[in-house]
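The next block holds one structure in the form of structure tokens; read it before the comments.
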Amino acid sequence: MAVNEELPADAGQDAINELQSIRQSIDNIDAALIHLLAERFKFTQSVGRLKAEHGLPPADPAREFLQIQRLRGLAEDARLDPAFAEKFLNFIIAEVIHHHEKIAGDSSGGARAAGAAASRPADPAHPATSP
Ligand SMILES: O=C(O)C(=O)C[C@]1(C(=O)O)C=C[C@@H](O)C=C1
């Protein structure tokens, strides 16, 4: 896409260059955000597996409360709208909880299937095979 697509025809070359430079920094920051989010989700997937293995609930509202208080404070210090910081964290956490629920569902589904196979009476036509 051309850098000056939305600029008025009389925009000077300096303005175009400055816009291009600022957009490059924005692109770098967006890339960093994606990498940071990917790392965060890697860790939360581990939490999800741990919770599923130990029968812990996917959501922990007390932990979320502390996280939100902390992030609101950090946002204020950084002159970022704390309401936006809270909305952003809630958006991410909702997705994490959805992943946790899927992991718990998948693993309990797997356990159910394994249990059903183990308790099924032997079928002479399909003898059990040793693992
Ligand atoms: O810390 C946990 O227990 C998590 O599952 C992680 C996380 C988060 O994404 O930060 C997600 C869900 C919980 O409600 C709280 C926090």
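Note that these values count all heavy atoms, side chains included, but never hydrogens, waters or copies made by symmetry. Predicted, not measured: the structure shown is a model, and the values here were computed from it. Every number for a ligand or one of its atoms is a count from 1 in the order of the listing. In this chain, numbering begins with 1 at the start of the sequence shown.
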Under 4.0 Å from a heavy atom of [X]: give me the atoms of ligand 1 that qualify, with their elements.
X	result
D60	13 (C), 14 (O)
H100	4 (C), 5 (O)
E64	13 (C), 14 (O), 15 (C)

How far is [atom] from its nearest protein heavy atom, and which residue and atom is that?
atom	result
atom 3 (O) of ligand 1	K51 NZ, 2.7 Å
atom 11 (C) of ligand 1	V96 CG1, 3.5 Å
atom 9 (O) of ligand 1	R40 NH1, 2.9 Å
atom 16 (C) of ligand 1	Q67 OE1, 3.4 Å
atom 1 (O) of ligand 1	R63 NE, 3.8 Å

Legend entry - Test item: side-chain donor near acceptor, H35 and E39, under 3.5 Å: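 E39 and H35 do not have a side-chain donor-acceptor pair below 3.5 Å.
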Inset, instruction - May I ask you to decide if N17's main-chain N or O and S21's side chain share a donor-acceptor pair within less than 3.5 Å? - result: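 No.
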Check whether any side-chain heavy atom of [X] lies under 4.5 Å from a side-chain heavy atom of [Y], and answer yes or no.
X	Y	result
F88	L71	no
I68	L89	yes
Q45	V96	no

Legend entry - Over 12 non-hydrogen atoms of neighbours within 6.0 angstrom of CD in E18: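 Incorrect, the count does not exceed 12.
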Inset, instruction - With heavy atoms only and a cut-off of under 4.0 Å, state how I92 meets ligand 1: side chain, backbone, both or neither. - result: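 For I92, there is no contact with ligand 1 at all, from either part.
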Legend entry - Residue pair A75 / A85: nearest heavy atoms and the distance that separates them: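 Closest approach of A75 to A85, heavy atoms only: CB-CB, 3.7 Å.
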